[in-house]
Amino acid sequence: MKEERIWLSPPHMGGTELKYIHEAFDTNWISQFGNNIDVFEKNLEEYLGENSFVTALSSGTAAIHLALRLLNVEQGDFVICQSFTFVASVNPVLYLKAIPVLVDSEPSTLNICPNALEDAVKYCLQKGKKPKAIIAVSLYGMPFMVDEVLEISRKYDIPLIEDSAEALGSKYNNQACGTFGDLSIISFNGNKIITTSGGGILISKNKSAKDRALYLATQAKENKDFYSHSEVGYNYRISNIHAGIGRGQMEILEERIQSRRKNHIFYQELFNRFDDLNLFSEPSEKFYSNYWLNVILIDGLHWNKENLRNIFSENNIETRYLWKPMHLQSLYKDYIFFGNNISGAFFDRGLCLPSGSNITEKCKERITRTLYNYRN
């Protein structure tokens with residue numbers, strides 16, 4: 001009989017979520033209005049800090065879509081996108097029939113390369129159209145090169161959408177991820193550091209942007225006694241039940257961050273013994289990662305990502321490939337790409353390792369034993 005499965009990043013409840021779900025049922029506010037939503041947004045605004053205005057939504061993807069709408073992205077506009085990411089970071093550009101311009105990563109953070117980003121901006125300007133937005137992702141919880149990307153954003157006066165879907169609790173220069181963009185997003189999907197089952201937030205810099213996002217997220221209903229609509233809206237608001245889960249999860253967020261960072265210390269100690277298995281880590285003290293997922297990069301002849309993945313799978317341990325970059329996806333292969341395929345090399349060499357905040361010492365011992373048994 002196989003040992004119990006070790007999952008990559010399973011949900012981890014704190015224990016108080018049911019209290020807030022019951023509150024929603026007891027008050028009969030189970031849809032897109034209610035106290036849980038208001039408190040959840042307030043808790044996040046307090047956590048993220050001054051000038052953070054949060055709109056709670058049904059997904060992080062919805063948040064990116066609304067961010068593009070708030071920036072008036074339309075058909076034919078250029079939007080610069082990080083290629084090395086999950087497809088949901090880029091798909092909303094196509095929702096609006098805009099044109100994604102894909103940019104490679106740099107090796108220190110796995111995120112958008114500032115040099116390639118500036119090349120992409122210059123290309124768009126040469127084509128006679130300034131990009132409407134830059135979407136930069138903090139992949140696997142690691143902040144992107146914030147100073148360099150913000151410098152380009154400001155130099156060319158292009159709004160920055162900060163995709164921190166995976167980076168709640170991460171920081172750059174002691175400032176919370178999700179607060180650097182003109183608009184920013186965070187995801188609460190089931191595998192994230194905390195979850196609302198399905199959900200996300202859009203973070204804006206002022207209340208008027210928050211109000212506009214809420215208007216669009218609730219079918220763009222005008223403030224009249226009858227149903228009146230003058231533009232396209234969406235059914236993107238989070239439910240009071242899902243917000244109740246998030247409200248409970250916020251109470252244990254810091255504990256979850258520290259658990260994931262302890263996982264990283266475990267992997268550091270483990271992989272220090274293998275000179276051809278390299279753990280991806282913070283490049284300097286400026287970067288503080290929640291280590292949502294731990295990433296291993298494989299160098300050498302003894303291992304490759306396929307045999308390593310098979311070794312873990314045979315022992316009922318879940319691993320995952322890194323995100324396949326957008327410029328290598330059939331959906332996006334015909335869009336222009338700037339860079340040297342560094343992200344493609346990461347995809348070829350990398351695996352994501354079990355990183356849940358509820359991973360036990362017994363599980364860590366099994367991961368260690370699995371590697372040593374194979375190597376010896």
Side-chain angles (χ1 to χ4, degrees), residues 31-81 88-98 130-136 153-154 157-165 176-188 196 198-240 242-243 246:
S31 187
Q32 295 174 326
F33 301 91
N35 187 56
N36 283 334
I37 299 174
D38 297 336
V39 174
F40 184 45
E41 289 180 337
K42 182 179 179 181
N43 288 345
L44 283 158
E45 289 173 348
E46 290 173 351
Y47 179 82
L48 292 167
E50 191 176 356
N51 296 324
S52 297
F53 294 82
V54 168
T55 309
L57 303 168
S58 57
S59 69
T61 313
I64 293 176
H65 188 195
L66 290 188
L68 295 168
R69 279 291 313 269
L70 263 61
L71 295 175
N72 299 313
V73 173
E74 298 177 341
Q75 182 172 350
D77 287 336
F78 287 132
V79 176
I80 298 179
C81 304
S89 298
V90 186
N91 275 350
V93 177
L94 297 189
Y95 297 172
L96 297 168
K97 298 182 179 180
K130 187 168 76 171
K132 281 288 188 73
I134 297 165
I135 302 177
S153 169
R154 292 163 179 164
D157 192 26
I158 303 169
L160 175 64
I161 297 174
E162 180 190 355
D163 182 348
S164 285
C177 287
T179 63
F180 295 103
D182 297 277
L183 295 162
S184 304
I185 76 106
I186 290 171
S187 171
F188 298 108
T196 58
I201 55 172
L202 177 64
I203 306 154
S204 45
K205 297 291 190 185
N206 54 68
K207 190 175 184 303
S208 62
K210 174 176 176 170
D211 291 343
R212 171 72 175 159
L214 180 58
Y215 166 75
L216 291 173
T218 51
Q219 300 290 16
K221 291 182 289 188
E222 296 174 357
N223 188 22
K224 295 184 179 181
D225 292 336
F226 52 90
Y227 289 101
S228 179
H229 309 269
S230 59
E231 60 181 312
V232 173
Y234 312 94
N235 186 22
Y236 280 170
R237 189 62 158 152
I238 199 171
S239 79
N240 199 44
H242 287 158

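Predicted, not measured: the structure shown is a model, and the values here were computed from it.
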With a 6.0 Å cut-off (strictly less than), is the heavy-atom count around CD of Glu50, excluding the residue itself, greater than 12?
no

Just verifying a value: how many Å separate Leu68 CG and Asp77 CG, rounded to the nearest 0.5 Å?
10.0 Å

Nearest 0.5 Å, what's the CG-OG distance between Asn240 and Ser31?
8.5 Å

Atom CD1 of Ile158 and atom CD1 of Ile134: how far apart are they, to the nearest 0.5 Å?
4.5 Å

Heavy-atom pair with the smallest gap, counting every atom of Ser164 and Cys177
OG-CB, 3.6 Å

Result for side-chain contact (heavy atoms from CB on, under 4.5 Å) between Ile238 and one of Ile201, Ile37, Leu57 points to Ile37

Stepwise salt bridge (Lys or Arg N to Asp or Glu O under 4.0 Å) test for Glu41 and Arg237
CA-CA 12 Å; Glu41 289 180 337; Arg237 189 62 158 152; 2.6 Å; yes

Under the 3.5 angstrom rule, does the side chain of Glu231 hit a backbone N or O of Ala220 as a donor-acceptor pair?
no

Name the residue from Leu66, Asp211, Leu183 that meets the side-chain contact (heavy atoms from CB on, under 4.5 Å) definition with Ser204.
Leu183

Minimum heavy-atom separation for Pro131 to Ile80, with atom names?
CG-CD1, 3.8 Å

Centres of the Phe188 and His242 rings: under 6.0 Å?
no

Side chains of Tyr236 and Leu216, heavy atoms from C-beta outward: is any pair under 4.5 Å?
no

In terms of heavy-atom contacts, Gly181 and Ser184 come closest through N-OG, 3.4 Å

Side chain proximity check, Phe78 to Lys130, heavy atoms < 4.5 angstrom
no

Could you grab the distance from atom OH of Tyr234 to atom OG of Ser58, nearest 0.5 Å is fine?
12.5 Å

Would the distance check show the side chain of Asp182 and the main-chain N or O of Leu160 forming a donor-acceptor pair, the cut-off being under 3.5 Å?
yes

From Ser52 atom OG to Ile203 atom CD1, the distance as rounded to the nearest 0.5 Å:
6.5 Å

Are the side chains of His229 and Glu222 in contact, using a 4.5 Å heavy-atom criterion?
no

Show the nearest heavy-atom pair for residues Ala63 and Leu202, with the distance to one decimal.
O-CD1, 3.7 Å

Quick check: does any side chain N or O of Lys210 sit under 3.5 Å from a backbone N or O of Val54, one acting as donor and the other as acceptor?
yes

Side-chain donor/acceptor of Glu162 to backbone N/O of Thr179, under 3.5 Å:
yes

List the atom of Ala56, the atom of Phe40, and the distance in Å for their closest heavy-atom pair.
CB-CD2, 4.4 Å

For Phe53, does its backbone N or O pair with a side-chain atom of Lys207 as donor and acceptor, under 3.5 Å?
no

If you draw a 6.0 Å radius around OH in Tyr95, do more than 12 non-hydrogen atoms from other residues or ligands fall strictly inside?
yes

Quick check: do Gln219 and Tyr227 have side-chain heavy atoms less than 4.5 Å from each other?
no

I'd like to check Val73 versus Val93 (side-chain heavy atoms, cut-off strictly below 4.5 Å). Are they in contact?
no

Considering only heavy atoms from C-beta outward, does the side chain of Val39 approach that of Lys42 to under 4.5 Å?
no

How far does CD1 of Ile161 sit from CD1 of Ile64, to the nearest 0.5 angstrom?
7.5 Å

On a heavy-atom basis, which atom in Arg69 and which in Val232 lie closest, and how many Å separate them?
NH1-O, 3.1 Å

Backbone N or O of Ala165 within a donor-acceptor pair of the Ser187 side chain at under 3.5 Å?
no

Any side-chain heavy atom of Thr61 within less than 4.5 Å of one from Pro92?
yes

Evaluate the side-chain proximity of Asn235 to Gln32: yes if any heavy-atom separation is below 4.5 Å, no if none is.
yes

